[in-house]
Amino acid sequence: MQTTYSNEEGNGQKKLDAHEARLIRRVQRKGDRAAADELVSIYYREIYAFVYRQLQDREHTLDLTQDIFVSMLRSIGSFEGKTASLRTWLYRIATNRVIDHFRSKAHRNAKLTDPIEDFEFSTNEDFTLELERRDEAGRVLELLRTFEWRAQEIVRLKLFAEQTFAEISQIMNLPDSTVKTNYYATIRKIKQKFEEERNEEQSGNTASKRRTAGV
């Protein structure tokens with residue numbers, strides 16, 4: 001079946017680059033290795049950064065990024081480009097692979113290398129902005145893995161891929177309102193958990209001081 005590409009995509013998607021479309025057709029029709037390598041090179045740094053912000057491990061990031069592009073090339077024959085750009089489709093693959101990684105036994109046995117330090121926040125918006133600014137995301141990732149997959153995917157795309165709500169809506173085939181509701185609900189729950197942990201730590205410190213003082 002001949003691949004067709006739309007000139008415009010809904011929800012704020014950019015026009016599909018004509019050169020990129022030619023590369024895709026070359027891979028689909030001829031298995032063109034040079035075209036495949038060029039497609040990978042276009043998105044490699046972006047996807048690598050998305051994965052590294054979550055894994056915080058260079059070796060595992062390299063392996064998973066390679067797996068993501070292998071998956072992309074193996075399934076590119078089914079890509080049509082009518083409702084989503086290659087970038088959108090690639091992020092769909094990448095997010096699923098990252099979630100699979102965090103579910104794996106190998107990851108459960110691994111130790112996160114860059115834990116998040118104390119946060120200072122007062123409102124949901126402040127907390128969201130603080131999360132988006134920080135590179136050390138170990139504790140957030142630990143908490144995020146306790147949520148159902150859709151909430152995980154939305155938050156990962158927003159915080160670690162820096163996608164807009166419109167872009168996430170396109171990637172996940174969900175209404176903007178659903179994406180926003182899930183995102184802010186998840187952030188509120190993570191914020192609440194941080195506050196609970198901080199209160200417990202402060203209570204423990206207070207009790208320790210009293211014991212030391214003989215109170």
Side-chain angles (χ1 to χ4, degrees), residues 46-58 60-61 64 91-92 94-215:
E46 181 177 349
I47 296 300
Y48 177 91
F50 170 63
V51 175
Y52 182 77
R53 287 174 188 141
Q54 299 176 76
L55 270 59
Q56 296 292 308
D57 181 283
R58 194 174 303 277
H60 288 161
T61 297
L64 189 55
Y91 266 108
R92 207 173 287 163
T95 305
N96 288 335
R97 294 306 298 269
V98 168
I99 291 174
D100 287 344
H101 170 81
F102 282 119
R103 289 172 175 165
S104 69
K105 182 178 179 181
H107 175 77
R108 289 196 300 271
N109 292 335
K111 182 178 180 181
L112 290 168
T113 57
D114 297 311
I116 280 186
E117 299 174 356
D118 289 342
F119 284 94
E120 295 294 339
F121 50 79
S122 57
T123 67
N124 291 336
E125 290 75 15
D126 291 339
F127 181 65
T128 302
L129 291 173
E130 183 67 18
L131 286 181
E132 290 174 344
R133 284 195 297 265
R134 297 189 68 85
D135 294 326
E136 304 90 348
R139 183 59 183 141
V140 171
L141 289 168
E142 289 179 2
L143 293 174
L144 190 56
R145 291 199 298 276
T146 67
F147 290 87
E148 54 93 17
W149 72 268
R150 185 166 71 174
Q152 287 194 45
E153 190 168 356
I154 290 170
V155 173
R156 290 178 192 281
L157 287 168
K158 187 72 171 69
L159 296 184
F160 303 113
E162 300 179 349
Q163 300 285 300
T164 66
F165 287 123
E167 289 170 332
I168 296 171
S169 174
Q170 179 74 14
I171 290 170
M172 298 186 65
N173 293 319
L174 292 172
D176 282 5
S177 59
T178 300
V179 171
K180 291 177 182 177
T181 298
N182 273 266
Y183 176 75
Y184 286 114
T186 305
I187 290 299
R188 282 195 298 271
K189 290 176 182 177
I190 293 175
K191 173 181 177 288
Q192 181 180 2
K193 184 63 176 176
F194 269 104
E195 290 175 336
E196 290 172 355
E197 291 179 354
R198 176 170 293 176
N199 290 337
E200 290 175 1
E201 182 179 355
Q202 290 174 347
S203 296
N205 290 339
T206 300
S208 178
K209 289 178 181 178
R210 287 178 177 175
R211 287 193 297 270
T212 302
V215 177

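For this chain, numbers begin at 1 and follow the sequence in order. Keep in mind the model is a prediction, meaning the values are calculated, not measured.
- The distance from atom CH2 of Trp149 to atom OG1 of Thr95, rounded to the nearest 0.5 Å, is 10.0 Å.
- In this structure Thr181 satisfies the side chain to side chain contact (heavy atoms under 4.5 Å, CB included) test with no other residue, sequence neighbours excluded.
- In this structure Lys193 satisfies the side chain to side chain contact (heavy atoms under 4.5 Å, CB included) test together with Arg139, Leu143, Glu196, Glu197, sequence neighbours excluded.
- Using a 4.5 Å heavy-atom threshold, the side chains of Tyr48 and Arg58 count as touching.
- The shortest heavy-atom contact between Ile99 and Arg156 is CG1-NE, 3.8 Å.
- Between His101 atom NE2 and Gln54 atom CD the span is 9.5 Å, to the nearest 0.5 Å.
- Checking Gln170 against Tyr91 by side-chain atom types alone, no donor-acceptor pair falls below 3.5 Å.
- One finds the OG1 atom of Thr186 at 12.0 Å from the CD atom of Glu153 (value rounded to the nearest 0.5 Å).
- Two residues are said to be in side-chain contact when any heavy atoms from C-beta on lie closer than 4.5 Å; Leu174 and Arg150 meet this criterion.
- In this structure, the separation between CD on Glu162 and CZ on Arg53 is 4.5 Å, given to the nearest 0.5 Å.
- In this structure, the separation between CD on Gln152 and CZ on Phe102 is 8.5 Å, given to the nearest 0.5 Å.
- In this structure, the side chains of Tyr184 and Ile154 stay at 4.5 Å or more apart for every pair of heavy atoms.
- Of all the heavy atoms in Pro175 and Ser169, the pair that sits closest is C-OG, 3.8 Å.
- Summarising the geometry of Glu167 relative to Thr164, their closest heavy-atom pair is OE1-N, 2.9 Å, with the distance given to 0.1 Å.
- Atom CD1 of Ile187 is separated from atom NZ of Lys158 by 9.0 Å, given to the nearest 0.5 angstrom.
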